[in-house]
Protein chains: 2
Amino acid sequence: MDARTRAERDGSDGVAGCRLDDFLNFLAQRWMSHVVWTLAQHPAIRFGALRRALPGEISARVLSNRLKALEEEGFVVRRDLGTLPLHVEYSLTPRGRLLDAELRRGEAQIGRTKIADAKER
Amino acid sequence: MDARTRAERDGSDGVAGCRLDDFLNFLAQRWMSHVVWTLAQHPAIRFGALRRALPGEISARVLSNRLKALEEEGFVVRRDLGTLPLHVEYSLTPRGRLLDAELRRGEAQIGRTKIADAKER
DNA sequence: CAGGATCCGCCTCGATACTG
DNA sequence: CAGTATCGAGGCGGATCCTG
């Protein structure tokens, strides 16, 4: 599969907004910000607990994808604690905590701003 | 059509990340940040010029949608200058300039960070 | 020129079933 | 328990055609 960023595929390199674009896409993925937010409230948390801690129903598949992505970007560490029944803990890295701080800041900045849904009309 | 925000549909009201979620979705829509960035470089700019000023090819339909969304959120003003051939100018509101500043700040914060694509694997 | 209307492919997510 | 594999549905964005 094409592993390049969207900015790269667009040939829009060198123009402001590229890296930012990828960053926004990364964060805007469904559940992503919730996952970060929830991880930030625990020193470490297991897969199932994290899943239940999230508001609403997130499928295991998606949670797994998000955690993997976060890990790849260095926001999260995965710790496998032996076996049977499987125990895995996730926690934010220092960089992850920075991200959380940024998100909180963003939320504060938005303040009372209302943003309608992003649907096409 | 369902005009509620995703956060509302998820029943995740009251949990941190809702409004932020919508905001991220809003900004992460394709071309959105580029449109804001480009608008910020002109006091006012016409539809076609804006279209050509954007890096890569954006369809008229999508640009129209983005501008409409930005206008609805109070980031952009649309000025219709008489008729034939149609002339329409778009420009950022003070609030829109604030948004641009935030985006620039975000970009600076990201710095040399690389974020991989948001695709599923 | 500035868009609206349509059609359509692709991607993302959700649900379900399965495994070490 | 912590995932992976597979399938299907819905939504977003691109292309094309059309109009005041």
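Order of the sequence lines sets the chain letters (A, B, ...), proteins ahead of strands, with each chain counted from 1. The figures that follow rest on heavy atoms only: side chains count, while hydrogens, waters and symmetry mates do not.
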Next item on the list: Identify whether the distance between the nearest side-chain nitrogen and carboxylate oxygen of B/R105 and A/E102 falls below 4.0 Å.
Entry: yes
Check: Please give, in whole Å, the distance from D/dA2 C1' to A/L50 CG?
Finding: 12 Å
Checklist line | Separation of C/dG14 P from A/L54 CG (nearest whole Å) | finding: 11 Å
Next item on the list: In whole angstrom, give the distance that lies between atom CG of A/L63 and atom C1' of D/dC1.
Entry: 13 Å
Note to self: Can you confirm whether B/L70 sits close enough to B/M32 that some side-chain heavy atom of one is under 4.5 Å from a side-chain heavy atom of the other?
What the structure shows: yes
Check: Is it true that a side-chain atom of B/T93 and a backbone atom of B/G74 form a donor plus acceptor pair closer than 3.5 Å?
Finding: yes
Item checked: Gap between atoms CD and P, on B/Q29 and D/dG14 respectively (whole Å) -> 11 Å
Next item on the list: If a protein heavy atom is under 4.0 Å from the base, mark B; if only from the sugar-phosphate, S; if neither, -; do that for nucleotides 2-9 of chain C going 5' to 3'.
Entry: SBSBB---
Notebook entry, point to check: A/P85 side chain: which of D/dC1, C/dC13, D/dG13 is closest?
Noted result: D/dC1
Notebook entry, point to check: Are B/R51 and B/I58 side-chain neighbours, meaning at least one heavy-atom pair lies under 4.5 Å?
Noted result: yes
Notebook entry, point to check: Whole Å only: how far is the CG atom of B/N25 from the P atom of D/dC12?
Noted result: 9 Å
Check: Would you say B/F75 and B/L67 make side-chain contact, with heavy atoms under 4.5 Å?
Finding: no
Margin query: What is the separation between atom CG on B/D21 and atom P on C/dC13, rounded to the nearest whole Å?
Written below: 11 Å
Note to self: Please evaluate residues B/D80 and B/R78 with respect to the criterion salt bridge (Lys or Arg N to Asp or Glu O under 4.0 Å), reporting the C-alpha separation (whole Å), side-chain torsions for both, the decisive distance (0.1 Å), and the verdict.
What the structure shows: CA-CA 7 Å; B/D80 195 321; B/R78 197 188 100 114; 3.3 Å; yes
Checklist line | Net bend of the helix from C/dC1-D/dG20 to C/dG20-D/dC1, end axes of five pairs each, nearest 10 degrees | finding: 40°
Check: Are any non-hydrogen side-chain atoms of A/L63 and A/L54 less than 4.5 angstrom apart?
Finding: yes
Item checked: Short side-chain N/O contact to C/dG14 OP1/OP2 from A/W31, under 4.0 Å -> yes
Item checked: Atom pair distance, as rounded to whole Å: CD1 in A/I58 and C1' in D/dG3 -> 13 Å
Item checked: Atom-pair distance (CG on B/L81; C1' on C/dC1), nearest Å -> 12 Å
Next item on the list: Taking atom CZ of A/R79 as the centre, report whether more than 12 heavy atoms of other residues, nucleotides or ligands fall under 6.0 Å from it.
Entry: no
Notebook entry, point to check: Under 3.5 Å, side chain of B/S64 to main-chain N/O of B/A60, donor-acceptor pair present?
Noted result: no
